[in-house]
Engineer: 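Quick one: this structure, given as structure tokens, is what I'll be asking you about.
Just so it is clear: chains get the letters A, B, ... in the order the sequence lines come, proteins before strands, and each one is counted from 1.
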There are 2 protein chains.
Amino acid sequence: MGATKTGLFSKKQNELAAMAKALAHPARIAILQVLVKTNACVCGSLVDELGLAQATISQHLKELKQVGLIQGTIEGTSVCYCINPKAWLQYKEFFAMFFKELPENKTCC
Amino acid sequence: MGATKTGLFSKKQNELAAMAKALAHPARIAILQVLVKTNACVCGSLVDELGLAQATISQHLKELKQVGLIQGTIEGTSVCYCINPKAWLQYKEFFAMFFKELPENKTCC
DNA sequence: AACATTAATCGTAATATTGCAATGAATAGA
DNA sequence: TCTATTCATTGCAATATTACGATTAATGTT
């Protein structure tokens, strides 16, 4: 027990859940917002911006990288992170799609 | 350690993360999809639809209820669940807002 | 080469989540 | 009342997540 039973659900459902999970932490939300706002890249200054330890930030960055939402390129000793525009758009569309179909006829509850 | 340091982040950031967390499980995605599709309410038939135990489904329903995404009204011995249209719309708008600002000028990475 | 800086990784602890059997509470029907 | 049905809750085990100090790897600087 304890592990999510992914086998019970469709690929899409697991995918959407994984996308949501990537956003399911305020630090990752904050990181993405900083990356969007600064437009250009932000390197390790995220550690200063947010109040978390370097190891913790690095871990969150890794997760965001794993789901493809951000990219990182080495720039000397530091690493330059930025939003992956393609993935960003896909996320936007996925969530829009999911919430699109509004239950109009509220016949119950 | 181990607990999310919510104090470091803004209310909005924590809110969005909480919203994402509610969607961060395929079972909850599936439940919401069933509730949207059936339009009317679905009671305990969710246990048959998805392959999870009754207690597990009940727990997921509780979480969805706690974030306001669904409502449940008692109907005899069974409970009728349905989407909360207001919250649904709010979620839609929140996520759309978050993903709205696309990084146009991709000058880096 | 020696040192400093930056960031990933490792190891560990604390906490949260997932899942289910068992139990409990409430109502419907006999 | 007794029983069946439906769902919430409790208690527990397994797993996942969050966080950080310490270490490591890589590069830049002197």
Engineer: Any non-hydrogen side-chain atom of Leu52(B) less than 4.5 Å from a side-chain atom of Val47(B)?
Structural biologist: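 Answer no - side chains too far apart.
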
Engineer: Are the side chains of Glu93(B) and Phe99(A) in touch, meaning some heavy atoms are under 4.5 Å apart?
Structural biologist: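 In short, these two side chains do not touch, never coming nearer than 4.5 Å.
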
Engineer: Take Thr4(A) and Thr4(B), find for each the nucleotide of DNA chain C with the closest heavy atom, and name the residue whose nucleotide sits nearer the 5' end.
Structural biologist: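 It is Thr4(B), whose closest nucleotide lies nearer the 5' terminus.
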
Engineer: dA8(C) phosphate, OP1 or OP2: any side-chain N/O from Tyr81(A) under 4.0 angstrom?
Structural biologist: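 Yes.
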
Engineer: Quick one: on DNA chain C, does Ile57(A) or Phe9(A) contact a more 5' nucleotide (nearest heavy atom)?
Structural biologist: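 Checking each residue's closest nucleotide, the 5'-ward one belongs to Ile57(A).
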
Engineer: DNA chain D: Leu61(B) or Glu63(A), which has the more 5' nearest nucleotide?
Structural biologist: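 By nearest-heavy-atom nucleotide position, the 5'-most residue is Leu61(B).
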
Engineer: Find the distance Glu75(B):CD to dA26(C):C1' and express it as a whole number of Å.
Structural biologist: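 About 15 Å, once rounded to whole Å.
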
Engineer: Using a heavy-atom distance cut-off of less than 4.0 Å, which residues of residues 19-27 of chain A contact DNA chain C?
Structural biologist: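 Heavy-atom cutoff 4.0 Å gives no residues at all.
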
Engineer: Could you state the CG-P distance from Leu50(A) to dA7(C), rounded to the nearest angstrom?
Structural biologist: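 Spelled out: CG on Leu50(A) to P on dA7(C) is 13 Å.
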
Engineer: Round to the nearest Å and state the distance from Lys62(B) atom NZ to dT18(C) atom P.
Structural biologist: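 So the two atoms are 13 Å apart, to the nearest Å.
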
Engineer: Give the ring-plane orientation class for Tyr91(B) versus Phe95(B), where under 30° counts as parallel, over 60° as perpendicular and anything between as tilted.
Structural biologist: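 Because their plane-to-plane angle lies in the 30° to 60° range, the rings of Tyr91(B) and Phe95(B) count as tilted.
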
Engineer: Describe the nucleic acid contact of Ala55(B) in one word from base, sugar-phosphate, nothing, applying a heavy-atom distance below 4.0 Å.
Structural biologist: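 If one applies the 4.0 Å heavy-atom cut-off, Ala55(B) turns out to touch a base.
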
Engineer: Between dT18(C) atom C1' and Ile31(B) atom CD1, what is the distance in whole Å?
Structural biologist: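 The distance from CD1 of Ile31(B) to C1' of dT18(C) comes to 13 Å, rounded to the nearest Å.
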
Engineer: Would you grab the first and last nucleotide of DNA chain D (5' to 3') that comes under 4.0 Å of any non-hydrogen atom in chain A?
Structural biologist: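 Range of nucleotides touched by chain A: dA14(D) to dG28(D).
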
Engineer: Using only atom types and a distance under 3.5 Å, with no angle test, would you say the side chain of Asn84(A) pairs donor to acceptor with the backbone of Gly68(A)?
Structural biologist: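 A pair under 3.5 Å: yes.
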
Engineer: Could a donor-acceptor pair under 3.5 angstrom be found where the side chain of Gln59(A) meets the base of dA8(C)?
Structural biologist: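 Side chain to base: no pair below 3.5 Å.
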
Engineer: Do Leu35(A) and Leu64(A) come close enough that some side-chain heavy atom pair is under 4.5 Å?
Structural biologist: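 Leu35(A) vs Leu64(A): side chains apart.
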
Engineer: Could you tell me whether the side chain of Thr38(A) and the main chain of Val34(A) form a donor-acceptor pair under 3.5 Å?
Structural biologist: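 Confirmed, Thr38(A) side chain pairs with Val34(A) backbone.
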
Engineer: Where the side chain of Gln54(A) is defined as all heavy atoms beyond and including C-beta, which of dA8(C), dA28(C), dT18(C) is the nearest nucleotide?
Structural biologist: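 Closest nucleotide among those given: dA8(C).
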
Engineer: Given dT6(C), is OP1 or OP2 found less than 4.0 Å from the side-chain N or O atoms of Ser78(A)?
Structural biologist: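 The answer is no; no side-chain N or O of Ser78(A) sits under 4.0 Å from OP1 or OP2.
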
Engineer: Is Leu89(B) atom CG crowded by more than 12 heavy atoms from other residues, nucleotides or ligands, each under 6.0 Å away?
Structural biologist: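 Counting other residues, nucleotides and ligands, CG of Leu89(B) exceeds 12 neighbours.
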
Engineer: Taking Asn14(B) for the side chain and Thr6(B) for the main chain, is one N or O donor matched with an acceptor at less than 3.5 Å?
Structural biologist: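 Judged by distance alone, yes, a pair lies under 3.5 Å.
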
Engineer: Classify the nucleic acid contact of Leu52(B) as base, sugar-phosphate or nothing, counting any heavy atom under 4.0 Å across all strands shown.
Structural biologist: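 Sugar-phosphate only.
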
Engineer: Would you mind listing every side chain to side chain donor-acceptor pair (under 3.5 Å) that reaches into residues 18-35 of chain A, with sequence neighbours excluded?
Structural biologist: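 Pairs touching residues 18-35 of chain A that pass the test: His25(A)-Thr4(B), Arg28(A)-His60(A), Arg28(A)-Glu63(A), Gln33(A)-Gln13(B).
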
